[in-house]
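FYI, the numbering just counts along the sequence from 1.
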Amino acid sequence: MVKQARPIPLILKIGIVLALLLMGGAAGGIWYLGRPAPLPDLGTAPTYQLTNQDGQTVKSTDLLGKVQVVGFIWTNCPDICPLVTTEMKTLQVALESKGLAEKGVQLVSISVDPERDTPAVLKEYAKGYGAAFARWQFLTGTLDEVRGTVVTGFHIPMEKAPAGDHSAHGGAADYNVSHSGKIGLVDRAGVIRGWYDGTALDRDRLLADLSSLLR
């Protein structure tokens with residue numbers, strides 16, 4: 001005679017269901033915790049109209065839809081600017097090698113010395129770093145335009161200071177320009193999503209953050 005299986009008590013059924021729900025919730029929590037935190041919203045990048053190394057007008061609205069990496073330099077800078085520009089060149093190479101360059105990334109270097117950094121001067125400077133102009137633009141403008149973009153817009157200080165040495169090009173400089181070595185990350189909607197030390201760049205972090213904005 002076949003024995004009939006005893007029915008599972010209701011209280012046990014409830015316990016099993018609760019245990020399964022808790023296990024699923026824990027697994028979901030672990031999965032959620034494993035995801036990278038979303039990048040912060042650090043404010044909207046400024047609206048501007050500047051001139052690139054080819055003498056062409058570049059509007060900030062032209063760059064919407066692209067992820068931008070923005071640095072601030074001047075061509076006679078004897079200290080931090082070569083570091084920042086070298087890091088930007090390294091990023092250009094990394095983006096190409098990782099196949100990210102074609103996904104809508106724009107490198108932008110804005111001069112904080114527009115009185116001396118004409119488009120022609122910027123172009124020669126950029127060539128020295130092997131800049132690919134389709135993906136890396138060098139911008140200048142009038143002093144008011146640049147100050148409005150850099151200081152008022154990106155909140156990056158820039159101030160003339162007495163020249164303490166010779167320029168990077170070998171001539172006597174009338175003045176130097178003090179400014180920040182920060183590099184900014186701007187998403188496709190024109191929102192600033194990160195700031196990085198351009199003189200000692202954590203490239204892996206920046207590339208990971210940039211990649212997250214391309215998804």
Side-chain angles (χ1 to χ4, degrees), residues 36-43 45-46 53 63 66-101 103 105-114 116-117 121-122 124-133 135-140 146-147 149-151 153-170 173 175-187 191-214:
L39 296 178
D41 180 337
L42 301 177
Q53 71 284 334
L63 302 180
K66 296 183 178 181
V67 174
Q68 303 167 54
V69 180
V70 185
F72 307 90
I73 53 95
W74 52 292
T75 62
N76 283 288
C77 177
D79 40 49
I80 66 173
C81 302
L83 297 175
V84 172
T85 309
T86 297
E87 291 291 3
M88 294 284 276
K89 170 60 186 296
T90 303
L91 282 174
Q92 176 183 265
V93 173
L95 290 169
E96 291 171 353
S97 66
K98 293 177 181 294
L100 299 175
K103 293 186 177 182
V105 181
Q106 182 71 59
L107 304 182
V108 180
S109 291
I110 301 177
S111 171
V112 295
D113 185 15
R116 292 181 293 195
D117 286 345
V121 168
L122 284 176
E124 285 304 308
Y125 176 82
K127 284 180 178 178
Y129 285 92
F133 295 130
R135 302 189 184 99
W136 186 2
Q137 299 212 57
F138 289 73
L139 304 182
T140 187
V146 169
R147 187 173 290 279
T149 301
V150 175
V151 179
F154 281 108
H155 305 293
I156 295 294
M158 53 174 276
E159 291 293 338
K160 285 185 180 180
D165 51 26
H166 288 74
S167 75
H169 294 170
Y175 59 87
N176 289 330
V177 183
S178 61
H179 65 99
S180 170
K182 287 182 179 180
I183 287 177
L185 180 63
V186 181
D187 70 16
V191 176
I192 302 169
R193 305 302 293 271
W195 287 108
Y196 311 81
D197 183 355
T199 63
L201 186 63
D202 184 342
R203 286 186 291 272
D204 290 341
R205 176 187 160 218
L206 175 53
L207 285 169
D209 290 349
L210 186 154
S211 298
S212 74
L213 297 178
L214 292 173

Handout entry: Residue among V70, V108, L122 satisfying side chain to side chain contact (heavy atoms under 4.5 Å, CB included) with L139
Key = V108
Practice task
Identify which one of T85, I80, V112 satisfies the side chain to side chain contact (heavy atoms under 4.5 Å, CB included) criterion when paired with I73.
Solution key: T85
Answer yes or no: is there a side-chain heavy-atom contact under 4.5 Å between [X] and [Y]?
X    : Y    : answer
L42  : V191 : no
Q53  : F133 : yes
F138 : Y129 : no
D113 : Y175 : yes
L185 : I192 : no
F72  : S109 : no
C77  : P82  : yes
I156 : K182 : yes

So, taking the atom named [atom1] in [X] and the one named [atom2] in [Y], what distance separates them when rounded to the nearest 0.5 Å?
X    : Y    : atom1 : atom2 : result
S211 : K98  : OG    : NZ    : 7.5 Å
S111 : H179 : OG    : NE2   : 8.5 Å
R193 : S212 : CZ    : OG    : 7.5 Å
Q68  : L210 : CD    : CG    : 11.0 Å

Write down the atom of [X], the atom of [Y], and the distance for their closest heavy-atom approach.
X    : Y    : result
V105 : L100 : CG2-O, 3.5 Å
W136 : M88  : CZ2-CB, 3.5 Å
N176 : P162 : ND2-O, 3.9 Å
R116 : V121 : O-CG2, 3.8 Å
A45  : V186 : CB-CG1, 4.1 Å
I183 : G71  : CG1-CA, 4.4 Å

Problem - From CA spacing to verdict: side-chain hydrogen bond (donor to acceptor under 3.5 Å, both in side chains), D117, Y125 - result: CA-CA 9 Å; D117 286 345; Y125 176 82; over 6 Å; no
Exercise for the section: Quick one: which residue pairs count as a side-chain hydrogen bond (donor to acceptor under 3.5 Å, both in side chains) with a foot in residues 86-95, not counting sequence neighbours? Expected result: E87-R203
Problem - Backbone of R135 reached by a side-chain donor or acceptor of Q106 within 3.5 Å - result: yes
Practice task
Could you tell me whether the side chain of D197 and the main chain of L201 form a donor-acceptor pair under 3.5 Å?
Solution key: no
Problem - side chain to side chain donor-acceptor pair (under 3.5 Å) against D202, all qualifying residues, sequence neighbours excluded - result: none
